[in-house]
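Step one of this worksheet: look at the structure below.
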Amino acid sequence: MSTDVPRASDPTQVDPSSQPGPDGGAAELDETLLGGPRAHSLESMAEQTGLGRDFLRSYWRALGLPVTGSDEETFTEDDAQALREIADFAEAEGLSSRSLTTLVRSVGHTTERLALWQAEALVEHMAFRNDLDDTSARLLVLDRLPSLAPVLEAQLVHAWRRQLAALAGRWSVEFSGARAVDDSGHGELPLPRAVGFADIVSFTTRTASLRSSELSDFVSDFEAGARDVVTSAGGRVVKTIGDAVLFIADDVHAGAEVALGLATEGRDMAGVDVPPVRVSLVWGRVLSRFGDVFGPSVNLAARLTDEADPGTVLLDPATAALLAGDARFALTARAPREVQGLGTIAPVQLQRAYTPEL
């Protein structure tokens with residue numbers, strides 16, 4: 001994707017008069033980003049919205065923002081509108097306090113990480129493009145935020161709609177003809193999924209001597225490369241955990257393609273410096289909550305990753321049995337071994353089947 005866009009003027013120079021400081025620049029920036037001044041205290045917000053103080057406090061905490069004193073002007077008119085809308089939504093849908101908190105927390109947690117991720121990416125860009133030190137780059141980002149924020153906001157809404165539509169499409173295919181078999185909320189975990197991890201080999205050793213910019217490039221390249229492999233093979237990244245990626249796929253064959261793609265990434269690409277990874281894959285039922293997945297298969301996949309050699313994929317025997325009839329794959333049993341917390345497991349190595357060139 002090209003990053004060269006037409007510019008009416010050169011925005012790379014920091015304007016000291018516009019920087020946050022005692023002259024009120026910070027307040028002006030805050031008002032611009034929030035769409036208006038902080039004109040309401042907790043008390044006046046409760047009066048204006050007709051919502052209880054406990055509701056306001058719990059919403060703000062779930063959003064991940066500090067709850068200030070009752071008399072301090074913290075809230076804007078946009079805050080009042082958002083609070084009224086979520087309260088009306090909760091009432092119309094009959095949401096429990098727990099469900100409402102989960103929905104609000106999902107937004108707060110995701111956008112907190114998103115804002116930091118995007119801001120740091122902009123700092124890195126400004127520093128590199130303009131040969132600035134870290135502090136100057138951050139000041140330049142602050143100077144540019146009013147013009148950059150609307151674009152980022154529009155991209156957020158667009159991406160959320162696309163992701164929600166993609167989720168709805170997957171659910172329509174998976175569940176359109178299904179019947180509920182357990183209305184009690186108990187019993188087996190609801191979602192059959194292929195779950196796997198890809199873990200960078202010797203991450204600590206490889207990164208110990210890197211400067212901050214080099215470490216940033218290393219982590220960014222790994223995460224971006226892993227996401228590209230997972231997505232192109234039909235899987236989805238659940239999360240990155242430092243030096244590891246947790247991924248899922250809706251069927252075991254797609255999961256195998258993801259796992260093999262991660263294990264061989266860089267090996268088949270000339271001039272690409274991709275660190276070797278250990279990969280696992282387990283088919284099983286999982287619980288999906290908070291944008292994460294849970295269950296015994298997730299735990300097993302994590303342990304199998306620790307047992308894998310660099311550049312290889314390990315499966316459990318049950319998952320290997322599901323792939324045994326697929327001519328695209330080759331399976332090799334490995335020696336049983338003791339794994340703490342799981343007892344003896346007999347891993348199976350997954351490889352691509354040999355296909356002679358014609």
Side-chain angles (χ1 to χ4, degrees), residues 33-36 38-68 70 74-115 149-150 152-193 236-239 248 250 285-295 298:
L33 294 177
L34 293 179
R38 299 174 185 252
H40 297 286
S41 66
L42 184 68
E43 295 295 329
S44 64
M45 181 64 74
E47 294 176 5
Q48 177 170 339
T49 61
L51 302 172
R53 293 167 184 78
D54 289 342
F55 179 92
L56 299 178
R57 289 192 183 95
S58 64
Y59 174 90
W60 221 239
R61 281 194 295 266
L63 206 57
L65 296 169
V67 180
T68 58
S70 298
T74 302
F75 303 95
T76 68
E77 289 294 334
D78 281 356
D79 292 331
Q81 180 66 21
L83 283 159
R84 281 191 293 262
E85 288 177 352
I86 195 65
D88 291 344
F89 175 75
E91 182 177 3
E93 296 297 326
L95 294 180
S96 66
S97 176
R98 178 174 178 173
S99 296
L100 176 59
T101 299
T102 297
L103 287 175
V104 176
R105 186 173 288 141
S106 71
V107 176
H109 175 78
T110 304
T111 52
E112 178 185 29
R113 185 168 186 261
L114 176 63
L152 298 177
E153 180 181 15
Q155 288 296 306
L156 171 60
V157 173
H158 171 261
W160 176 81
R161 286 178 174 170
R162 295 296 303 185
Q163 292 289 357
L164 192 62
L167 174 64
R170 293 194 300 268
W171 280 12
S172 295
V173 171
E174 185 173 4
F175 302 113
S176 59
R179 290 179 175 271
V181 295
D182 185 3
D183 294 328
S184 65
H186 303 290
E188 66 179 0
L189 299 178
L191 301 175
R193 294 288 186 269
R236 299 182 298 283
V237 172
V238 176
K239 62 181 178 181
I248 61 172
D250 293 338
R285 303 188 76 88
V286 301
L287 175 69
S288 176
R289 290 291 186 274
F290 319 119
D292 205 343
V293 290
F294 305 88
V298 181

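On a predicted model such as this, the values are computed, not experimentally measured, just so you know.
Here the side chains of L42 and W60 are not in contact, with every heavy-atom distance at 4.5 Å or above. Considering only heavy atoms from C-beta on, V286 stays 4.5 Å or farther from F294 through its side chain. Side-chain contact between Y59 and D54 is absent, with no heavy atoms from C-beta onward closer than 4.5 Å. In this structure, the side chains of L56 and L83 come closer than 4.5 Å at one or more pairs of heavy atoms. Side chains of I248 and V293 form a contact here, defined as non-hydrogen atoms less than 4.5 Å apart.
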Residue pair L34, D78: steps toward the side chain to side chain contact (heavy atoms under 4.5 Å, CB included) verdict: CA-CA 8 Å; L34 293 179; D78 281 356; over 6 Å; no
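Counting only residues at least two apart or on different chains, no side-chain hydrogen bond (donor to acceptor under 3.5 Å, both in side chains) pair has a member in residues 159-170.
Under a 3.5 Å cut-off, the side chain of R105 and the backbone N or O of A62 do not form any donor-acceptor pair. With hydrogens and angles disregarded, a donor-acceptor distance shorter than 3.5 Å links the side chain of T49 to the backbone of M45. With hydrogens and angles disregarded, no donor-acceptor distance shorter than 3.5 Å links the side chain of T111 to the backbone of L114.
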In residues 96-103, what donor-acceptor pairs under 3.5 Å come from side-chain atoms, sequence neighbours left out?
residue: S96; atom: OG; partner: S99; partner atom: N; Å: 3.1
residue: S96; atom: OG; partner: S99; partner atom: OG; Å: 3.1
residue: T101; atom: OG1; partner: S97; partner atom: O; Å: 2.9
residue: T102; atom: OG1; partner: R98; partner atom: O; Å: 3.0

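Residue S172 holds its OG atom at 9.0 Å from CG of L167, rounded to the nearest 0.5 Å. The OG atom of S41 lies 7.5 Å from the CD atom of E47; values are rounded to the nearest 0.5 Å.
Residues A149 and L33 share a closest heavy-atom pair of CB-CD2, 4.0 Å. Across L51 and A87, no two heavy atoms sit closer than the pair CD2-CB, 3.6 Å. Of all the heavy atoms in S288 and L191, the pair that sits closest is CB-CD1, 3.8 Å. What you find for L95 and F89 is that their closest heavy atoms are CD1-CE2, 3.7 Å.
Side-chain contact, H40 with E77: a donor N or O sits under 3.5 Å from an acceptor N or O.
A 6.0 Å sphere centred on CZ of R285 holds more than 12 heavy atoms belonging to other residues, nucleotides or ligands. For E153, the CD atom is loosely surrounded, since the number of other residues' heavy atoms within 6.0 Å does not exceed 12.
Between R38 and D79, none of the side-chain N atoms (NZ, or NE/NH1/NH2) sits under 4.0 Å from a carboxylate O, so this pair counts as no salt bridge.
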